[in-house]
Amino acid sequence: MPSHVLILGGTAEARELAAALAARRGLRVTTSLAGRVTRPGVIAGDIRIGGFGGAEGLAHWLREQHVDALVDATHPFAAKITANAAAAAAATGIPAVVLHRPPWRPGPEDRWHTVSSLDAAAALLPRLGRRVFLTTGRLGLAAFAHLTDLHFVVRSVELPEPPMPPHTEVFLARGPFTVADESALLYDHCIDVLVTKDSGGEATSAKLTAARELALPVVVVGRPPLPDGVTAVPDVAAVLAWLGLSER
């Protein structure tokens, strides 16, 4: 049984895992957050905020804090953090696992257009619609800033950072959202195309159901590949099993 587990957090699964581990006597759990969200909510166990200074800085912290298991439970699109975690684990010999919820899969009635990047999504948009519900995160709006003829509706937990498209409405809200919520938003704002990253999971999938029911096209940005040689599991139960622990 490990004595100190570091979770690279920022997802609902990371929060769930921290609660499960913090409830176990004799086990220290630390969740590290990048600090991009100012109100991260309650997280069980110890919390640290901010970067480590790349793979070398993370490796130093792992050794200094006597971490004996590393769980990367960051967002599936946090490719740089995941690469640094894999490199730090390899450098220190500390066992590591990536917790990535399964990707979404289209159904027969879905009108999905899968692309490999935000730039590819932006290039496709003018052929699909003029009023866009953009749900790719507040840090990725620059890829769409040149689309001056389109109108964007952006929902974010915190204010997005410029540059962004000139015709952009921003709504600050925190999910999860119901299908009824998403359908109302799409209808009220006359949305004719949805753009999303393939985050996976149930928490943000209601917009996909709403788009399907309204027969709207959806541009889905595919996930970046994981580093070679990493172990990936789909849920908290699988992480606990990997740690040699069982859910109570």
Side-chain angles (χ1 to χ4, degrees), residues 7-18 33-34 36-41 43 72-79 81-82 98-107 109-118 121 125 128-129 131-141 143-144 152-160 164 168-189 191-224 226 232-236:
I7 302 172
L8 303 181
T11 61
E13 291 85 356
R15 190 184 306 273
E16 180 185 348
L17 177 62
L33 302 174
R36 291 173 179 167
V37 176
T38 57
R39 298 186 302 276
I43 299 173
D72 175 3
T74 56
H75 192 276
F77 284 79
I81 298 175
T82 294
V98 178
L99 169 53
H100 269 191
R101 64 189 79 126
W104 291 316
R105 299 297 183 203
E109 298 180 1
D110 287 311
R111 298 173 57 195
W112 285 16
H113 302 263
T114 302
V115 296
S116 60
S117 66
L118 293 177
L125 272 182
L128 298 177
R131 296 185 62 85
V132 184
F133 184 28
L134 186 60
T135 66
T136 55
R138 66 187 180 93
L139 301 179
L141 300 188
F144 304 90
F152 290 86
V153 173
V154 174
R155 183 176 61 207
S156 178
V157 175
E158 307 210 359
L159 283 173
M164 66 180 70
T168 300
E169 293 180 74
V170 177
F171 294 89
L172 298 182
R174 186 189 296 271
F177 304 98
T178 67
V179 174
D181 294 332
E182 303 294 50
S183 296
L185 185 151
L186 296 173
Y187 181 82
D188 291 345
H189 293 276
I191 298 298
D192 50 22
V193 59
L194 165 68
V195 183
T196 186
K197 291 179 176 178
D198 184 7
S199 301
E202 296 295 326
T204 59
S205 65
K207 59 193 173 190
L208 299 174
T209 302
R212 181 189 311 124
E213 292 178 351
L214 293 172
L216 297 182
V218 180
V219 180
V220 180
V221 181
R223 298 178 177 185
L226 290 171
V233 297
D235 53 33
V236 169

_From CA spacing to verdict: side-chain contact (heavy atoms from CB on, under 4.5 Å), Leu194, Leu208_ = CA-CA 8 Å; Leu194 165 68; Leu208 299 174; 4.1 Å; yes
*asked:* For a side-chain contact (heavy atoms from CB on, under 4.5 Å) check, start with the C-alpha distance between Leu128 and His113, then their side-chain angles and the critical distance, and finish with the verdict.
replied: CA-CA 10 Å; Leu128 298 177; His113 302 263; 3.7 Å; yes
*Verdict with supporting geometry, Phe152 and Phe133, side-chain contact (heavy atoms from CB on, under 4.5 Å)*: CA-CA 6 Å; Phe152 290 86; Phe133 184 28; over 6 Å; no
*For Ser199 and Arg223, run side-chain contact (heavy atoms from CB on, under 4.5 Å): C-alpha distance rounded to whole Å, both residues' side-chain angles, the deciding distance at 0.1 Å, then the answer.*
CA-CA 8 Å; Ser199 301; Arg223 298 178 177 185; 5.7 Å; no
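By the 4.5 Å heavy-atom criterion applied to side chains, Leu8 and Ile81 are counted as neighbours. Proximity of Leu134 to Val153: side-chain heavy atoms (C-beta onward) are nowhere separated by under 4.5 Å. Put simply, the side chain of Val193 does not reach to within 4.5 Å of the side chain of Val218, judged on heavy atoms. For the pair Thr135/Val195, no side-chain contact is recorded, criterion being any heavy-atom separation below 4.5 Å from C-beta on. Residues Thr82 and Phe77 form no side-chain contact, since every pair of their non-hydrogen atoms from C-beta on lies 4.5 Å or further apart. In this structure the side chain of Val98 reaches within 4.5 angstrom of the side chain of Leu226, judged on heavy atoms. Side chains of Ile43 and Leu33 form a contact here, defined as non-hydrogen atoms less than 4.5 Å apart. Contact of the Val221 side chain with the Ser116 side chain is not registered, since no non-hydrogen atoms from C-beta on lie closer than 4.5 Å.
Asp192 contributes a side-chain N or O that, together with a main-chain N or O of Arg131, makes up a donor-acceptor pair within less than 3.5 Å. Judged purely by atom type and a 3.5 angstrom limit, Ser156 has no side-chain atom pairing as donor or acceptor with the backbone of Leu159. Remark: the backbone N or O of Trp104 is paired with a side-chain donor or acceptor of Asp198 at under 3.5 angstrom.
Pairs of residues two or more places apart, or lying in two chains, that qualify as salt bridge (Lys or Arg N to Asp or Glu O under 4.0 Å) and include a residue from residues 205-222 are Asp110-Arg212.
Between Pro234 and Leu99, the shortest heavy-atom distance links the atoms C-CD1, 3.6 Å. Among all heavy-atom pairs drawn from Gly9 and Ala14, the shortest one is CA-CB, 3.6 Å. The two residues Val157 and Arg174 have their closest heavy-atom pair at CG1-NH2, 3.4 Å. Annotation for Thr11 and Ala73: closest pair OG1-O, 2.7 Å, computed over non-hydrogen atoms.
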Got a list of side-chain donor-acceptor pairs under 3.5 Å for residues 180-188, not counting sequence neighbours?
| residue | atom | partner | partner atom | Å |
| --- | --- | --- | --- | --- |
| Asp181 | OD1 | Thr178 | OG1 | 3.4 |
| Asp181 | OD2 | Thr178 | N | 3.0 |
| Asp181 | OD2 | Thr178 | OG1 | 3.0 |
| Glu182 | OE1 | Arg155 | NH1 | 2.7 |
| Glu182 | OE1 | Arg155 | NH2 | 3.4 |
| Glu182 | OE2 | Arg155 | NH2 | 2.8 |
| Ser183 | OG | Val179 | O | 2.9 |

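Note that OG1 of Thr209 is 8.5 Å distant from CD of Glu202, once rounded to the nearest 0.5 Å. For the atom pair Ile7 CD1 and Glu16 CD, the distance stands at 10.5 Å (nearest 0.5 Å). Atoms CG and CD1, from Leu214 and Ile191 in turn, are 10.5 Å apart once rounded to the nearest 0.5 Å.
Counting non-hydrogen atoms of neighbouring residues, nucleotides and ligands closer than 6.0 angstrom, the CD atom of Glu169 exceeds 12 such neighbours.
Between Phe171 and His189, the ring centre distance stays below 6.0 Å.
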